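Just so it is clear, the structure is predicted and the values come from calculations on it, not from any experiment.
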Amino acid sequence: QVQPVESGGGLVQAGGSLRLSCAASGRTFSSYYMGWFRQAPGKEREFVAAIRWSTGSTYYADSVKGRFTISRDNAKNTVYLQMNSLKPEDTAVYYCAVRPGVVPSTGGTEYRYWGQGTQVTVSS
């Protein structure tokens, strides 16, 4: 079992920055991805970014490219999401998730382990 735990959410003004963290404990896999998803009120969950742990390859949703950066710290088994130039439409609950395997995916159903989420609110 793997348990991701997110932290770092909060309230920020438009144009500001936040950094989310996700520490994953439990079993490890030879190949896996850690991803960030978000869900705004009344909307479906959407993919934000993912990173392949072994290679550091990254993937982003078009809506966050150039503003968000996903990175990892191998020693801490932690993934980060640096969010810059935040917009009110970035307001959502952000979830960290783990996908064992070698094929990247932006589909939430492909991720097996999920954190509880952390709220990000961007005021205008």
Taking ring pair (Phe, Tyr, Trp, His ring centres under 6.0 Å) as the definition, give me every residue that meets it alongside [X], ordered by chain and number, with sequence neighbours left out.
X    : answer
F37  : F47, Y111, W114
Y32  : W53
Y113 : none

Exercise. For the pair Q39 and Y94, evaluate side chain to side chain contact (heavy atoms under 4.5 Å, CB included) and give the outcome as yes or no after the intermediate values.
Key: CA-CA 7 Å; Q39 187 166 20; Y94 283 70; over 6 Å; no
Using distance only, find each side-chain donor-acceptor pair of residues 81-89 under 3.5 Å and give its atom names and separation, not counting sequence neighbours.
from : atom 1 : to  : atom 2 : distance (Å)
Q82  : NE2    : N84 : OD1    : 2.9
N84  : OD1    : S17 : OG     : 2.9

Quiz prompt | Exceeds 12 heavy-atom contacts within 6.0 angstrom, atom CD of Q116 | solution =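 Counting other residues, nucleotides and ligands, CD of Q116 stays at 12 neighbours or fewer.
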Exercise. Show your working on side chain to side chain contact (heavy atoms under 4.5 Å, CB included) between V48 and Y60 and close with a plain yes or no.
Key: CA-CA 6 Å; V48 176; Y60 295 95; over 6 Å; no
Quiz prompt | Smallest separation among heavy atoms of V2 and A24, with atom names | solution = CG1-CB, 4.2 Å
Quiz prompt | Closest approach of G115 to Q3 (non-hydrogen atoms, all atoms of both residues) | solution =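 Smallest interatomic distance, heavy atoms only, reads CA-NE2, 4.3 Å.
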Exercise. Please answer: with hydrophobic residues joined when any side-chain heavy atoms are less than 4.5 Å apart, are W36 and Y95 in the same cluster?
Key: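 They do not share one cluster, since no chain of ILVMFWY contacts under 4.5 Å joins W36 to Y95.
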Quiz item: Taking only residues two or more places apart in sequence or in another chain, which ones pass side chain to side chain donor-acceptor pair (under 3.5 Å) with S57?
Solution: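 S57 satisfies side chain to side chain donor-acceptor pair (under 3.5 Å) with T55 only.
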With a 3.5 Å distance limit and no angle check, can you tell me whether [X] reaches the backbone of [Y] through a side-chain donor-acceptor pair?
X   : Y    : result
E6  : G117 : yes
S54 : S31  : no
R99 : E110 : yes
D73 : T78  : no
S63 : A61  : no

Quiz item: Side-chain contact, heavy-atom cut-off 4.5 Å: T91 with V120?
Solution: no
Quiz item: Are side-chain heavy atoms of R45 and R38 found at a separation under 4.5 Å?
Solution: no
Quiz prompt | Pairs touching residues 80-124 that satisfy disulfide bond (SG atoms under 2.5 Å apart), sequence neighbours left out | solution = C22-C96
Hey, what do you get for [atom1] ([X]) to [atom2] ([Y]), rounding to the nearest 0.5 Å?
X   : Y   : atom1 : atom2 : value
L20 : S7  : CG    : OG    : 8.0 Å
I51 : Y33 : CD1   : OH    : 11.0 Å
T58 : F68 : OG1   : CZ    : 14.5 Å

Quiz item: Checking side chain to side chain contact (heavy atoms under 4.5 Å, CB included) for the pair I70/V79: CA distance, chi angles, key distance, verdict?
Solution: CA-CA 7 Å; I70 189 170; V79 65; 3.7 Å; yes
Self-check item: Any donor-acceptor N or O pair under 3.5 Å, side chains R19, Y80
Solution: no
